[in-house]
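Below: one structure, written as structure tokens.
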Amino acid sequence: MSSVLDQRPAPAAAGPRPATPRRRTRVLALPEARWALAGLVLFLAALPLKLLDAPVWTWAPLFAATYITGGWEPGWEGLKALKDKTLDVDLLMVVAALGAAAIGQVLDGALLIVIFATSGALEAVATARTADSVRGLLDLAPSIATRLLPDGREETVAAEDLRIGDTVLVRPGERVGADGQVLDGASDVDQATITGEPLPVSKQPGDEVFAGTVNGTGALRVRVERDPADSVIARIVKMVEEASETKAPTQLFIEKIEQRYSIGMVIATLAVFAVPLAFGSALQPALLRAMTFMIVASPCAVVLSTMPPLLSAIANAGRHGVLAKSAVVMERLGQVDAVALDKTGTLTEGTPRVTDIRTLPGAGLDEDDLLALAAAAEHPSEHPIARAVVQAARERGLTLGEAVDFASVPGQGVTAGIGGCTVQIGSPARLTHTGGPEADGVVRTLEDEGRTVVLVLRDGAPVGVLGISDRLRPDAKATVAALTELTGRTPVLLTGDNERAARHLAAEVGITDVRAGLLPQDKVAAVREWEGQELRVLVVGDGVNDAPALAAAHTGIAMGKAGSDLALETADAVVVRDELATIPAVVALSRRARRLVVQNLVIAGIFITALVAWDLIATLPLPLGVAGHEGSTVIVGLNGLHLLREAAWPRPAEETSGCFPGGPS
């Protein structure tokens, strides 16, 4: 399999890169989806005519068209499988549908056709969307880069043509073309796509930068340290592909069961037909018995045993803001016994906010004065910290002075004239000041609490300190507690943020196992470690850096409001409204759905076993066989619809007292 990176065209010329449209396969662009939809429409058109005893000529052509549109593709694939000496259940169901039609049970046969055509369409859509999400990673990495030649000239080259040792120029606002080391320059680089950190990271000579990250206001000269095919972005692509392929053993197991079931059904049907003939039975009764056997042994009830509870759970979850992408996902959610949570954008809101305003003795300022002074100086800046400071001032309704002679130095901060004074704002480690022990003590205290600290100087003297932090979601603590009750294990925090900030936040929500400073491959390694302990891990995240772990996990959930396209596509479920408390609720709902599936399978198994035994031991009248078959289908279907009720949705985590519904299992 060739890498999707090899499919990227080289640029024809230098210049601004045009916006790349999102490459998303339309559902109806897939032939499987078109044929399944046509079959379903024809079936729904014929059904009321048949049930109302309309003339045969009104509904028979519609049912015939249903058989053709919905059944030709699985039938053709089944015939090709026969050529390879394999037998699949799709072909068996087409034969069963034709057999049912041959003895007058046209409706049963058409229902089988529609069910299996729809299943094939859903599988095709899932496969296409996975491919779309992997290809979408290419939009993160620039297609071109500016390479510096030994004589100082510049040349524009395709990023994939860069080699280890090349020097590239990264201008302000551009994406870094390759993983490498900064040789010259200073800037703030947004690494959220790789590490998930909410704030840009200051880069100086000697620091490492990653392909696909966004440069700030300074220019950087970077020496390429990794081949583009081995960059962090490229490795994310490979990990998503590999993690998706690791689910294949489950599919192989299903295919083995399918083969055995298909072969057993064919042998049993032929035996039911041939044995009576061998003992002198007439052709018509033997054929009728065999067709009755094929109908009552049909897996319709078994299929409906699984789908109504899971689909009802999906619909209920959807009403409460959780999108589960398939019935398989809804079932897997109830199997998890360990949870790993991302920090930024998951447990937190993902937006920097001013959390602390500390004035220094002798400054003559109160909190509002200090915040207004800082916001006035930061107002012209587009840095995320500047936006947070200005937003905090607006929320307090403060009036901002006019900034003159504004200047911004990447990695250090900003300087501006406010009301005749020179105001400087930036990192305490970067600003030259003589603030004394008071300023240093406040800075250390806030940093120990996990805050990003900025120092405010007026005419060279410190007057105050601001603490910036990503705010914890209101329901984070209750959600962690609910997940602990459900799984019997405290969730683990996986984050690319620094360890001090991560541990401070973890302590607030009750998490003790913290793994900080992780790159995407490190998160995948942690998931693999738990899998080695035979744990089924649920990963919750929102960024591109979380996508490989979401794909590698037993089940992945993405936070939808600010989640990256790749995370939303890779995850098995999406929390559309960003309500963290819905995660333990949907896990509990899934566990209830799985219990209903087991109940339905028992009911369906009893009906099928009894009807098959009756047909083999005695003579089961065909109408009674159809009634029993359809009756079992109705019973399991109605039983599964219980989860559509509003009362079936577990209460949010913050409202629960005692054990959460559906605890450890």
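For the numbers below, each heavy atom of this structure counts, side chains included, while hydrogens, waters and symmetry mates do not.
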(message) To the closest 0.5 Å, what do you measure between CG (Leu493) and CG (Asp342)?
(response) 7.5 Å
(message) Do Leu455 and Val465 make a side-chain contact, defined as non-hydrogen atoms from C-beta onward lying under 4.5 Å apart?
(response) yes
(message) If I take atom CZ from residue Arg458 and atom OG1 from residue Thr422, how far apart are they, to the nearest 0.5 angstrom?
(response) 11.5 Å
(request) Specify the closest pair of heavy atoms between Val157 and Arg147, including all atoms of both residues, with the distance to one decimal. (result) CG1-NH2, 3.4 Å
(request) Return yes if some donor-acceptor pair links the side-chain N/O of Arg175 with the main-chain N/O of Ala211 below 3.5 Å, else return no. (result) no
(request) Answer whether the closest heavy-atom distance between the side chains of Leu466 and Ile357 falls below 4.5 Å. (result) yes
(message) Quick check: do Val463 and Leu457 have side-chain heavy atoms less than 4.5 Å from each other?
(response) no
(message) Checking the side chain of Asp475 only, and the main-chain atoms of Ala581 only, is there a donor and an acceptor separated by less than 3.5 Å?
(response) yes
(message) To check you understand the geometry: which heavy-atom pair defines the closest contact between Ala553 and Val527, and what is its length?
(response) CA-CG1, 3.8 Å
(message) Restricting to non-hydrogen atoms, name the atom on Gly218 and the atom on Ser187 that form the minimum distance, rounded to 0.1 Å.
(response) N-OG, 3.2 Å
(message) Would you compute the distance between atom CD of Glu225 and atom CG of Asp166 and round it to the nearest 0.5 angstrom?
(response) 11.0 Å
(message) What verdict does the side chain to side chain contact (heavy atoms under 4.5 Å, CB included) test give for Asp513 and Thr490, after you've listed the backbone C-alpha separation in whole Å, the side-chain angles of each residue and the deciding distance to 0.1 Å?
(response) CA-CA 8 Å; Asp513 190 350; Thr490 303; over 6 Å; no
(request) Check whether any side-chain heavy atom of Met559 sits under 4.5 Å from a side-chain heavy atom of Leu580, and report yes or no. (result) yes
(message) To the closest 0.5 Å, what do you measure between CD1 (Ile385) and CD (Glu378)?
(response) 8.0 Å
(message) Going by side-chain contact (heavy atoms from CB on, under 4.5 Å), name the residues that satisfy it together with Pro205, two or more places apart in sequence or in a different chain.
(response) none
(request) Using atom types as modelled and distance alone, determine if a side-chain donor or acceptor of Asp405 lies under 3.5 Å from a backbone N or O of Gly417. (result) no
(request) Check the pair Arg171, Asn215 against side chain to side chain contact (heavy atoms under 4.5 Å, CB included), reporting the backbone distance first and the verdict last. (result) CA-CA 7 Å; Arg171 294 185 172 89; Asn215 187 25; 5.8 Å; no
(message) If you define the side chain from C-beta out and look only at heavy atoms, does anything of Phe406 sit under 4.5 Å from Val414?
(response) yes
(message) Do Val322 and Ile583 make a side-chain contact, defined as non-hydrogen atoms from C-beta onward lying under 4.5 Å apart?
(response) no
(request) Please indicate whether Glu402 has more than 12 foreign heavy atoms, meaning atoms of other residues, nucleotides or ligands, lying under 6.0 Å from its CD. (result) no
(message) A side-chain contact here means heavy atoms from C-beta on lying under 4.5 Å apart; do Glu154 and Thr156 qualify?
(response) no
(request) Compare every heavy atom of Asp356 with every heavy atom of Leu446, then report the nearest pair and how far apart it is. (result) CD2-CG, 3.6 Å
(request) Spell out, as yes or no, whether a donor-acceptor pair under 3.5 Å connects the side chain of Thr359 to the backbone of Asp366. (result) no
(message) I need the minimum non-hydrogen distance between Ser202 and Asp207, along with the two atoms involved.
(response) O-OD2, 3.7 Å
Result block: side-chain N/O donor-acceptor pairs under 3.5 angstrom for residues 391-401, not counting sequence neighbours:
residue	atom	partner	partner atom	Å
Gln391	NE2	Glu395	OE2	3.4
Arg396	NH1	Asp368	OD1	2.7

(message) How long is the straight-line distance from NE2 of His554 back to CG of Leu538, given to the nearest 0.5 Å?
(response) 10.0 Å
(message) Give me the atom names and distance for the closest heavy-atom approach of Val586 to Ala317.
(response) CG2-CB, 4.0 Å
(request) Please step through side chain to side chain contact (heavy atoms under 4.5 Å, CB included) for the pair Val224 and Arg163, ending with a clear verdict. (result) CA-CA 7 Å; Val224 178; Arg163 295 293 177 262; over 6 Å; no
(message) Would you say that Val480 contacts Leu341 through its side chain, given a criterion of any heavy-atom pair below 4.5 Å between the two side chains?
(response) yes
(message) As an exercise, state the distance from CG of Leu169 to CZ of Arg221, rounded to the nearest 0.5 Å.
(response) 8.5 Å
(request) Output yes when a side-chain donor or acceptor of Lys523 lies under 3.5 Å from a complementary backbone atom of Thr495, and no otherwise. (result) no
(message) Does Thr484 form a side chain to side chain contact (heavy atoms under 4.5 Å, CB included) with Arg489? I'd like the steps, not just the answer.
(response) CA-CA 5 Å; Thr484 301; Arg489 295 172 178 270; over 6 Å; no
